[in-house]
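In this text the structure is predicted, and so the values were computed from the model without any measurement. Note that these values count all heavy atoms, side chains included, but never hydrogens, waters or copies made by symmetry. Order of the sequence lines sets the chain letters (A, B, ...), proteins ahead of strands, with each chain counted from 1.
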Protein chains: 2
Amino acid sequence: MPMNEPQPAPAPAPALPTRDRLLDAAERLFGEHGFAATSLRTVTVAADANVAAVNYHFGSKEGLLRAVVERAMAAVNGERLRLLEELRASGDRQPTVEELVRAFVMTGARLVERSGERGVSVARFLGQVMSEPDPAIRRLFATEVGPAEGQYLDALRAALPQLPAAEVAFRFRAMVGLLGLYQSSALGDLHPGDTAEIVAPAGDDAGRLVTFLTAAFHAPPTTDEHTASPG
Amino acid sequence: MPMNEPQPAPAPAPALPTRDRLLDAAERLFGEHGFAATSLRTVTVAADANVAAVNYHFGSKEGLLRAVVERAMAAVNGERLRLLEELRASGDRQPTVEELVRAFVMTGARLVERSGERGVSVARFLGQVMSEPDPAIRRLFATEVGPAEGQYLDALRAALPQLPAAEVAFRFRAMVGLLGLYQSSALGDLHPGDTAEIVAPAGDDAGRLVTFLTAAFHAPPTTDEHTASPG
DNA sequence: GTCTATAGGGGGATAGAC
DNA sequence: GTCTATCCCCCTATAGAC
């Protein structure tokens with residue numbers, strides 16, 4: 001067995017280019033610990049890459065975040081639009097509220113099924129980024145998320161013609177936010193005692209979320225007679 | 001004008017002891033930028049205090065966070081329990097779902113009314129802390145939040161006897177999470193174009209949140225026939 | 001209780017060899 | 001494209017004077 005031949009580095013696990021390993025590691029770590037609390041050194045170690053690699057490939061820490069968001073949103077948006085297309089083509093009627101909510105919420109679950117462990121990371125990452133307080137990050141997320149969500153918002157408005165557009169929009173934002181919390185596992189461990197690891201979005205609770213949101217969308221318009229404080 | 005006399009420092013604004021100024025500043029800054037992204041230096045400068053003051057009064061950065069959480073939760077929990085007491089005393093029947101949801105959600109609005117600008121900080125801070133990914137912080141929040149919320153959960157279970165307890169618990173966590181998002185202003189600026197500053201929780205949207213959540217609680221139990229992915 | 005000064009570690013980013 | 005070495009800044013925390 002000649003050992004001088006230049007074996008083209010059939011390393012055990014990597015196989016992926018550095019750039020992708022960095023994206024994978026950042027996606028996971030940002031999702032688990034948040035953006036501010038995750039150092040580039042942690043990311044590069046996890047990706048088995050060099051410290052300088054981040055700067056070379058993405059320019060800066062924020063550039064890395066941007067790239068991760070874009071990749072994650074591309075997958076989710078594609079799936080969402082595909083499902084919406086299916087719904088519109090499947091019947092001669094408009095999609096119902098429940099169908100729209102289910103398609104929107106289940107996107108996360110599908111992602112997990114298809115991409116396995118990485119799907120969990122994607123879901124958690126997106127949920128985490130959504131509640132980042134930094135305005136720059138929020139803006140980044142909003143511009144990525146906008147186009148695909150707009151179509152769902154329109155479809156929901158069509159399905160709820162009697163509800164003021166502003167209120168549909170409010171409920172839509174609530175759905176997006178709640179799904180984000182769910183994806184970041186924040187809905188699982190609000191209470192002590194239940195220390196089991198929660199993985200998002202798995203089976204049961206995704207269905208509960210759909211039930212919850214569908215009923216919420218069907219609520220009557222809010223009258224302002226009750227907005228005063230009780231008691 | 002003799003300049004040797006030791007004027008007892010009648011500074012314009014302070015009047016509050018250092019410890020309280022630190023709590024106020026930390027509450028506001030943690031709420032605006034998150035815990036990890038806020039340095040102790042920022043806090044002490046905003047509080048017009050010394051860098052070492054935090055360590056003297058609270059032992060560490062996490063000690064400061066703990067103190068802020070405790071103070072904020074004490075106010076909210078007190079108000080929540082008071083409202084629940086009122087509801088229970090006011091009629092010969094059990095409180096309805098809507099009454100419970102309204103009392104729970106409006107606590108934030110009341111806080112703002114009473115404590116003015118600081119009330120906004122409290123609300124935003126609590127919302128922000130709720131979605132912190134650090135397990136230690138989440139645990140801290142959960143133990144503080146637990147007792148008062150337990151009473152509402154019990155009351156909601158009593159008001160929804162036909163619904164499995166696990167599903168009431170899920171919906172309750174969704175309410176808490178959604179209220180947190182709302183308080184941290186996350187429900188306001190998910191979409192670009194609307195760059196106006198959102199202050200939580202003000203009038204209109206609080207009412208919409210109550211409508212939304214009340215209907216969601218009243219949803220029928222989730223059957224597992226639908227949890228499969230659509231299409 | 002409040003200050004200055006500093007320790008001691010990590011952070012993001014870059015230069016320049018390979 | 002990848003590495004090492006390093007710059008420079010800011011971080012938390014503490015020691016010790018007042």
### Query
Going by an N to O cut-off under 4.0 Å, is there a salt bridge joining B:Arg71 and B:Glu27?
yes

### Query
Do the numbers put A:Arg80 on top of the ring of A:Phe104, so that NZ or CZ is under 6.0 Å from the six-membered ring centre and no more than 45° off the axis?
yes

### Task
Mind calculating the distance between CG (A:Leu65) and P (C:dG12) to the nearest angstrom?
13 Å

### Task
Could you tell me the separation between the CZ atom of B:Phe35 and the P atom of D:dC11, rounded to a whole number of Å?
13 Å

### Message
Measuring to OP1 and OP2 of C:dG1, would you say a side-chain N or O of B:Thr18 lies under 4.0 angstrom away?
### Response
no

Atom pairs under 3.5 Å: protein N/O with N/O of nucleotides 14-17 of chain D:
{"unit_1": "D:dT14", "atom_1": "OP2", "unit_2": "B:Asn55", "atom_2": "OD1", "d": "2.8"}

### Integer-rounded Å distance: C:dG1 P and B:Arg21 CZ
13 Å

### A:Asp48 CG to D:dG1 P, straight-line distance once rounded to whole Å
18 Å

### Message
With a 4.0 Å cut-off on N to O distance, would you call A:Arg66 and A:Glu70 a salt bridge?
### Response
no

#### Entry: Contact under 4.0 Å: B:Ser39 side-chain N or O vs D:dC10 OP1/OP2
no

### Message
Using whole Å, what does the distance between atom C1' of nucleotide D:dC3 and atom CG of A:Leu22 come to?
### Response
14 Å

#### Entry: Non-neighbouring partners of B:Phe30 that pass ring-ring contact (aromatic ring centres under 6.0 Å, His included), sequence neighbours left out
B:Phe35

### Short side-chain to backbone donor-acceptor contact, B:Arg171 and B:Phe217, under 3.5 Å
yes

### Task
Select base, sugar-phosphate, or nothing to describe what A:Thr44 touches, counting heavy atoms under 4.0 Å on all strands.
nothing

### Task
Check the distance between D:dC10's C1' and A:Arg41's CZ and give it to me in whole angstrom.
13 Å

### Query
Can you tell me how far C1' of D:dC9 sits from CG of B:Leu40, to the nearest Å?
17 Å

### Query
Between B:Asp24 and B:Arg21, does at least one N-O distance fall below 4.0 Å, as a salt bridge requires?
no

### Message
Salt bridge or not between A:Glu79 and A:Arg82? Use side-chain N to carboxylate O under 4.0 Å.
### Response
yes

### Query
Below 4.0 angstrom from OP1 or OP2 of D:dT4, is there any side-chain N or O of A:Asn50?
yes

